[in-house]
> 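Have a look at this one before I ask anything.
Counting from 1, the numbers follow the sequence of the chain as shown.
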Amino acid sequence: MLAEQRILLIIGGGIAAYKCLDLIRRLKERGATVRTILTTAAQQFVTPLSVGALSGERVFGDLFDLTAEHDIGHIRLSREADLVVVAPATADLLAKMACGLADDLASTALLATDKPVLVVPAMNPRMWAHPATRRNLATLAADGIAVVGPNAGAMAERGEFGEGRMAEPLEIVDAIAARLSAARLAVVRGAGSLAGRRLLVTSGPTHEPIDPVRYIANRSSGKQGHAVAAAAAAAGAEVVLVSGPAEAPDPAGVQVIHVDSARQMLAAVEAHLPVDAAVFAAAVADWRVADASEQKIKKAGAGAPTLTLVENPDILATVSHHSTLRPRLVVGFAAETETVIAHAQAKRARKGCDWIVANDVSPATGIMGGDSNTVHIVSAAGVEHWPPASKTEVAARLVARIADALAQQEKDRS
Ligand code: CTP
């Protein structure tokens, strides 16, 4: 459930901070990656050294730490997570979140994140019951922030008893798993996020004939492109999938146009424009045989034939540069075997698309034909490194990102 999930744990300044050490251990045991931010007050209760030793990751603490900003930056830190957890969420942190204050790394990351947030309050029962805290919690609930705990029991202060004890690590683990699966479901169902949109996806290899029985091909299975088409359909889009001869089965709920060659793929793509967004995941053959033989080339006689290759049309570049029918969002892929990011950036500029999903397809990665993928999203905003994930998961994230981008474009225009 938590394998490959990335948690950003913001540790607040309260006596219950010690429970976060056990929480980190439990999350790691379940395969999650845990990055941490310690507020200044938290560092009075747990040390960056112990947190770092357990998480196996660098611990972040100061907004004005120039090395940390240079390496990762607070915006990326808050967005390269599947879930942000605040524990212990002190009365002070909850108040800051409710007001949108951003005066240290923890509060800035919370204001900058676009990911679901779970808070784990812990405080004195009177502070918990105070009308100000109640108001702040109501605001946070209205903002969609989830809460686990607090529990009732004896407090650290002598003689104090009541509601305010931080939830136990295993309860928090359960709440994290529940929040993540709710977020995943929302992506899969799309919550109507692409309803009313038209998407076009290319997928699979192309086959370029040499003669009626032989062809030039590549190792693409079509799994990633087909998964994108399926995820977009699940999110409510009307999807046209133009597929070369792929190994992956036709996804349900998608209009599939089967083609063989690059030129057929281009013709099918152009015939299905306009669309709101297009994703070019196909591994299109760069070259075709100039004069493919009408008849099977025979071995007998003049020795081995010489094949003259000519370049195929670039479908992605053609659509990206279309004067009237360019989709609002054009996403290309880059299959590379070396200097992945630099090549992808050059490809994005050359082909004129908005985003490039870059991956390393060297045989050792097992990506081509395999079920998982490690991708880097190259856009005008920079490069975002996504963790290794199944092709289905990569597709769900990409589709969610496309839905957000289309919605944002409309907001910007209005
Ligand atoms: N692409 C395309 N038409 C082509 C070649 C590629 O639409 N004739 C698209 C692919 O679908 C992908 C992107 O362009 O979205 C990059 O494909 P890739 O194979 O990585 O790059 P190439 O253009 O083939 O460049 P190179 O061979 O130099 O890496």
> Measure across D276 and R197 and return the closest heavy-atom pair with its distance rounded to 0.1 Å.
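Of all heavy-atom pairs spanning D276 and R197, the closest is OD2-CA, 3.3 Å.
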> So which atom in S55 and which in V34 form the shortest heavy-atom distance, rounded to 0.1 Å?
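Closest approach of S55 to V34, heavy atoms only: CB-O, 3.5 Å.
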> Sorted by first residue and then second, give each side-chain hydrogen bond (donor to acceptor under 3.5 Å, both in side chains) pair with at least one member in residues 133-143; sequence neighbours left out.
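side-chain hydrogen bond (donor to acceptor under 3.5 Å, both in side chains) check on residues 133-143 returns no pairs.
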> Stepwise, does the side chain to side chain contact (heavy atoms under 4.5 Å, CB included) test hold for K351 with D314?
CA-CA 8 Å; K351 302 204 182 203; D314 192 309; 2.7 Å; yes
> Quick one: ring pair (Phe, Tyr, Trp, His ring centres under 6.0 Å) partners of H385, sequence neighbours excluded?
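Per chain and number, H385 pairs via ring pair (Phe, Tyr, Trp, His ring centres under 6.0 Å) with H376.
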> Stepwise, does the side-chain hydrogen bond (donor to acceptor under 3.5 Å, both in side chains) test hold for D250 with H226?
CA-CA 7 Å; D250 288 357; H226 281 49; 4.6 Å; no
> Can a side-chain donor-acceptor contact be found between T47 and S50 if the only test is distance below 3.5 angstrom?
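On atom types as modelled, these side chains qualify, holding a pair under 3.5 Å.
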> Between I402 and W355, which heavy-atom pair has the shortest distance, and what is it?
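Smallest heavy-atom distance, with atoms named: CG1-CZ3, 3.8 Å.
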> Is there a side-chain hydrogen bond (donor to acceptor under 3.5 Å, both in side chains) between N151 and E171? Walk through the geometry before answering.
CA-CA 11 Å; N151 298 334; E171 288 175 71; 3.0 Å; yes
> Testing the basics here: between L9 and C20, what is the closest heavy-atom pair and its distance to 0.1 Å?
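Distance-wise, the nearest heavy atoms are CD2-CB, 4.3 Å.
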> Measure the shortest side-chain to side-chain distance between V357 and I377 over non-hydrogen atoms and say whether it is less than 4.5 angstrom.
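Yes, their side chains come closer than 4.5 Å.
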> With sequence neighbours excluded, what pairs up with H343 under the ring pair (Phe, Tyr, Trp, His ring centres under 6.0 Å) test?
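Here no residue qualifies.
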> Relative to W386, does R397 satisfy both conditions: NZ or CZ under 6.0 angstrom from the six-membered ring centre, and within 45 degrees of the ring's axis?
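Yes; both conditions hold, so R397 lies above the ring face of W386.
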> Testing the 3.5 Å rule here: is there a donor-acceptor pair between the side chains of S362 and D360?
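There is such a pair (donor and acceptor under 3.5 Å, judged by atom type) between the side chains of S362 and D360.
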> Could you walk me through whether D404 and Q408 pass the side-chain hydrogen bond (donor to acceptor under 3.5 Å, both in side chains) check?
CA-CA 6 Å; D404 286 352; Q408 189 62 46; over 6 Å; no
